[in-house]
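Notes to accompany the following structure.
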Amino acid sequence: MSSTNTELALDPRLAQAIANPLFPALDNQLRAGRHVTADELEQHSLLQEYFIELEAFYQRYQVELVRAPEGFYYLRPRSTSELGTSILSELEMLVGKVLCYLYLSPDRLINEGVFSLADLQEEILTLSNEQALLRMVNQRAGGSDLDRRKLADKLKSAIRRLKRLGMVSAVGTQDKFRITEAVFRFAADVRSDEDPRALQLRMIKDGEAVAGADNEEEEQENDQ
């Protein structure tokens with residue numbers, strides 16, 4: 001005798017959302033920690049149209065489908081969730097904070113939102129203590145050219161990871177990227193009446209940008 005409860009009918013609108021050809025890939029991306037922004041028009045529209053139904057759908061997996069104030073979507077696992085999670089490294093956290101700072105800067109409008117790895121490295125060295133940065137890469141770093149090259153490589157790796165999470169998108173050559181509004185995941189703690197860019201800068205310089213990760217800075221990611 002079947003134990004299936006046939007009284008729990010599938011909501012028609014949820015059925016429509018799941019039946020959409022875009023849903024399987026979108027579901028995989030969300031479960032892998034990706035943030036879906038308005039730049040991904042079709043996927044974003046699907047989440048926007050069926051948000052209530054999909055929010056209830058993911059609750060069954062002990063995962064929260066979040067619609068951020070800036071309009072992007074992502075999944076946030078609860079403590080009881082079986083969805084795998086990983087925490088961004090100290091350097092990746094700092095890169096995210098600096099990218100958020102750049103997103104809020106006038107330079108984003110001037111450059112049509114496009115930055116390069118060189119721009120990121122220059123900004124992060126300007127805003128942070130170089131020795132502290134080098135120690136994130138190697139605790140015994142002495143400031144040699146090799147240490148600086150290792151730091152540059154780590155910054156590239158951080159950008160690649162944030163790209164997988166939907167916080168930056170590649171533009172043309174590999175060293176250029178556009179910052180998406182999803183970087184506001186790193187600014188959840190600066191939504192206040194204070195100027196957000198000034199507060200973000202203070203947090204970077206005070207070291208608060210690389211404090212222990214909390215729920216807003218914890219990302220799901222497949223290790224594939």
Separation between NZ of K154 and NZ of K156, rounded to the nearest 0.5 Å
13.5 Å
Do other residues, nucleotides or ligands put more than 12 heavy atoms under 6.0 Å from the CD1 atom of I52?
no
Rounded to the nearest 0.5 Å, what separates atom CG in D175 from atom CZ in F115?
14.0 Å
What heavy-atom pair brings P21 and P24 nearest, and what distance separates the two atoms?
O-CD, 3.5 Å
Looking at every non-hydrogen atom in both residues, tell me the closest pair between L46 and L54 and how far apart they are.
O-CD1, 4.5 Å
Would a single hydrophobic cluster contain both M93 and L125, if residues Ile, Leu, Val, Met, Phe, Trp and Tyr are joined by side-chain heavy-atom contacts under 4.5 Å?
yes
Is it the case that R78 and S81 place a side-chain donor and acceptor less than 3.5 Å from each other?
no
Within this structure, what is the CZ-CD distance for the pair R164 and Q29, rounded to the nearest 0.5 Å?
13.5 Å
D27/R31 salt bridge by N-O under 4.0 Å criterion
yes
Is the shortest side-chain heavy-atom distance between E64 and Y58 below 4.5 Å?
no
With the side chain counted from C-beta on, respond yes when Y74 and V36 share a heavy-atom pair under 4.5 Å apart, and no when they do not.
no
I'd like to know if L26 and I18 are part of one continuous hydrophobic network [Ile/Leu/Val/Met/Phe/Trp/Tyr, side-chain heavy atoms within less than 4.5 Å].
yes
Ring centre gap for F184 and Y103 strictly below 6.0 Å
yes
Could you tell me whether a side-chain N or O of D153 sits under 3.5 Å from a main-chain N or O of K150, the two making a donor and an acceptor?
no
Looking at Q62, I want to see if its CD is surrounded by more than 12 non-hydrogen atoms of other residues, nucleotides or ligands under 6.0 Å.
yes
Calculate, to the nearest 0.5 Å, the distance between atoms CG and NZ belonging to L117 and K176 respectively.
11.0 Å
Could you go through the side chain to side chain contact (heavy atoms under 4.5 Å, CB included) check for L127 and Y101 one step at a time?
CA-CA 10 Å; L127 298 178; Y101 178 78; 3.7 Å; yes
Where is the tightest heavy-atom contact between L30 and L47, given as atom of each residue plus distance?
CD1-CD2, 4.1 Å
Student check: side-chain heavy atoms of L165 and R34 closer than 4.5 Å:
no
Check the hydrophobic clustering (I, L, V, M, F, W, Y; side-chain heavy atoms under 4.5 Å; chains of links allowed) and say if L75 and F57 are grouped together.
yes
Do L41 and S45 make a side-chain contact, defined as non-hydrogen atoms from C-beta onward lying under 4.5 Å apart?
yes
Any E55 side-chain heavy atom under 4.5 Å of V66 side chain
no
Could you see if V171 belongs to whatever hydrophobic cluster contains M167? Use Ile, Leu, Val, Met, Phe, Trp, Tyr and a side-chain cutoff under 4.5 Å.
no
For T180 and G166, indicate whether the former's side chain and the latter's backbone hold a donor-acceptor pair under 3.5 Å.
yes
R67 charged N/C atom sitting above F51 aromatic ring, 6.0 Å / 45°:
yes
Validation row: V114, I179 side chains within 4.5 angstrom (heavy atoms)
no
Passes side chain to side chain contact (heavy atoms under 4.5 Å, CB included), L162 versus F186? Steps please.
CA-CA 12 Å; L162 294 176; F186 297 99; 4.1 Å; yes
When you compare the side chain of L155 with that of L91, does any pair of heavy atoms fall below 4.5 Å?
yes
Do R13 and E49 make a side-chain contact, defined as non-hydrogen atoms from C-beta onward lying under 4.5 Å apart?
yes
Nearest-0.5 Å distance that lies between atom CG in L94 and atom OG in S128:
4.5 Å
Nearest heavy atoms of V98 and E123, plus distance in Å
CG1-CG, 4.0 Å
Supply the atom-to-atom distance N20 CG to Y50 OH, rounded to the nearest 0.5 angstrom.
7.0 Å
Closest approach of A158 to V95 (non-hydrogen atoms, all atoms of both residues)
CB-CG2, 3.9 Å
Has E122 got more than 12 heavy atoms of other residues, nucleotides or ligands less than 6.0 Å from its CD?
no
Is the ring centre of H35 less than 6.0 Å from the ring centre of Y73?
no
Check K97 with E92, please: is the shortest side-chain N to carboxylate O separation under 4.0 Å?
no
Residues S89 and R161: closest non-hydrogen pair is N-NH1, 4.2 Å
